[in-house]
Amino acid sequence: MIKFRSRLIFAKSQPFILLSHRNFVILQRFFNHMRKTMKVKVNTRTLQLFEGACVKNALLRYFSVKKLDKQLIDDLEVYDAYGHVIDHDAPLKDGQQITFEI
């Protein structure tokens with residue numbers, strides 16, 4: 001695990017690199033951005049996805065959790081919470097609900 005303390009980066013409590021302040025801030029922002037997640041409800045299961053995920057990412061995560069065949073994803077019709085058909089490339093937002101039937 002990487003921890004930030006001033007300008008030293010620690011891995012397993014041992015410092016391994018000293019950065020300039022500018023590079024330290026850039027690296028810290030990068031890692032903070034990587035941790036941003038959102039929760040999306042797929043059918044009845046709540047999944048945690050990276051921020052900016054699309055419907056296909058949610059379906060891939062759902063199928064891997066449920067151990068289903070991922071080749072079925074391309075033929076699915078996916079619906080939003082209001083029953084409208086949405087595309088697999090549609091972006092998702094935090095708290096959004098999508099449904100589908102196999």
Side-chain angles (χ1 to χ4, degrees):
M1 178 171 192
I2 297 175
K3 294 182 180 180
F4 293 99
R5 290 187 192 157
S6 68
R7 293 184 324 173
L8 291 174
I9 299 178
F10 290 80
K12 297 183 181 178
S13 301
Q14 297 296 320
F16 67 92
I17 192 167
L18 178 64
L19 298 173
S20 68
H21 179 71
R22 182 175 183 274
N23 289 341
F24 174 75
V25 171
I26 291 170
L27 198 60
Q28 191 173 28
R29 286 180 184 164
F30 172 75
F31 280 112
N32 287 340
H33 177 70
M34 296 290 291
R35 288 188 286 191
K36 291 183 181 179
T37 59
M38 62 181 178
K39 291 186 179 180
V40 177
K41 194 167 190 176
V42 180
N43 286 348
T44 58
R45 188 174 201 94
T46 302
L47 301 174
Q48 191 167 2
L49 300 170
F50 60 92
E51 194 172 298
C54 63
V55 173
K56 190 163 187 172
N57 299 125
L59 293 175
L60 284 169
R61 177 71 176 225
Y62 181 85
F63 274 63
S64 64
V65 168
K66 291 283 195 173
K67 296 183 171 84
L68 299 172
D69 186 21
K70 294 179 182 84
Q71 293 177 348
L72 299 172
I73 291 176
D74 295 332
D75 300 328
L76 289 177
E77 281 195 1
V78 183
Y79 304 94
D80 64 4
Y82 303 104
H84 300 247
V85 177
I86 55 176
D87 193 35
H88 289 216
D89 294 330
L92 293 171
K93 296 180 182 175
D94 191 25
Q96 190 169 351
Q97 182 177 356
I98 60 174
T99 58
F100 66 90
E101 293 181 13
I102 297 177

- Within the side chain of N57, is there an N or O that forms a donor-acceptor pair under 3.5 Å with the backbone of C54? yes
- Query: In terms of hydrophobic clustering (I, L, V, M, F, W, Y; side-chain heavy atoms under 4.5 Å; direct or indirect links), are L92 and F50 co-clustered?
  - Reply: no
- Task: Search all heavy atoms of E101 against all heavy atoms of L76 and return the closest pair with its distance.
- Result: O-CD2, 3.4 Å
- Note on the structure: Y62 and L68 have their tightest heavy-atom pair at CE2-CD1, 4.4 Å
- For L59 against H88, the heavy-atom pair lying closest together: CD1-CE1, 3.9 Å
- Roughly how far apart are N43 CG and K66 NZ, rounded to 0.5 Å? 8.5 Å
- Item | Nearest atoms (heavy-atom pairs only) where K93 meets M38 | C-SD, 3.8 Å
- Message: If I compare all heavy atoms of D80 with all of T99, which pair ends up nearest, and what's the gap?
- Response: O-OG1, 4.4 Å
- Do L60 and Y79 share a hydrophobic cluster (ILVMFWY, side-chain heavy atoms under 4.5 Å, transitive)? no
- Query: Less than 4.5 Å apart, any side-chain heavy atom of L47 and any of K39?
  - Reply: no
- Task: Establish whether I98 and V85 are linked, either directly or via other cluster members, by ILVMFWY side-chain heavy-atom contacts under 4.5 Å.
- Result: no
- According to a 4.5 Å side-chain heavy-atom criterion applied to Ile, Leu, Val, Met, Phe, Trp and Tyr, with indirect links allowed, do I86 and Y82 form part of one hydrophobic cluster? no
- Inspect the contact between K56 and D87 and indicate whether a charged nitrogen and a carboxylate oxygen are less than 4.0 angstrom apart. no
